Amino acid sequence: MSLEENKALVRRFVEEVQNQHNLAALDELLSPDFVDHSGTTSPPNLEGTKAFFAMMFTAFPDMRFEIRLQLAEGDKVMTYKTFHGT
């Protein structure tokens, strides 16, 4: 994938999962053998990620993220974003 395609994939994750609270999108965006190395999910896999976001959506029902900056190099994308929620 190109740098722009990688950045678009991350933007889709932010918009569909984090902003629209669409857990089903995770099945399309993450591989079934996905491993989360962030330390925020338990277990650190697709199902753990779904559980983490379900908890976040309950805690912050108006949660949304605003992308401020994205940088890409190789197969890595860094996204600087602002979290909004009450």
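Computed from heavy atoms alone, side chains included, the values below leave out hydrogens, waters and symmetry copies. Index from 1, following the sequence. Since we're looking at a predicted model, the values are computed, not measured.
Counting all heavy atoms, side chain and backbone alike, N6 lies closest to D75 at ND2-CA, 3.8 Å. The two residues V77 and A72 make their nearest non-hydrogen contact at CG2-CB, 4.2 Å.
Residues passing the side chain to side chain donor-acceptor pair (under 3.5 Å) test with N19, sequence neighbours excluded: E15. In this structure, the side chain to side chain contact (heavy atoms under 4.5 Å, CB included) partners of F52, at least two apart in sequence or on a different chain, are T40, T41, M55, M56. Scored by the ring pair (Phe, Tyr, Trp, His ring centres under 6.0 Å) test, F57 finds H21, F53 as partners (sequence neighbours excluded). By the side chain to side chain contact (heavy atoms under 4.5 Å, CB included) test, N45 pairs with P43, E47, sequence neighbours left out. The side chain to side chain donor-acceptor pair (under 3.5 Å) check on T79 picks up Q70, with sequence neighbours excluded. Under the rule for a salt bridge (Lys or Arg N to Asp or Glu O under 4.0 Å), E73 has no partner lying at least two apart in sequence or in another chain. Applying the side chain to side chain contact (heavy atoms under 4.5 Å, CB included) test to A8 and every residue at least two apart in sequence or in another chain returns R11.
Sorted by first and then second residue, the salt bridge (Lys or Arg N to Asp or Glu O under 4.0 Å) pairs involving residues 77-86 (not counting sequence neighbours) form an empty list. The list of salt bridge (Lys or Arg N to Asp or Glu O under 4.0 Å) pairs with a residue in residues 19-40, not counting sequence neighbours, reads R12-E28, D27-K50.
V35 and L46 fall into different hydrophobic clusters, where Ile, Leu, Val, Met, Phe, Trp and Tyr residues are linked whenever their side-chain heavy atoms come under 4.5 Å apart, directly or through other members.
The existence of a salt bridge linking K7 and E5 is excluded, since no basic side-chain nitrogen approaches an acidic carboxylate oxygen closer than 4.0 Å.
Residues T49 and F34 form a side-chain contact, since some pair of their non-hydrogen atoms from C-beta on lies under 4.5 Å apart. The shortest distance between side-chain heavy atoms of H84 and F65 does not fall below 4.5 Å.
Hydrophobic side-chain contacts under 4.5 Å tie L69 into a cluster, directly or through other members, with L71, M78, Y80. Here L3 is tied to no hydrophobic group at all, with no ILVMFWY side chain closer than 4.5 Å.
Separating the CZ atom in R64 from the OG1 atom in T82 is a distance of 9.5 Å, to the nearest 0.5 Å.
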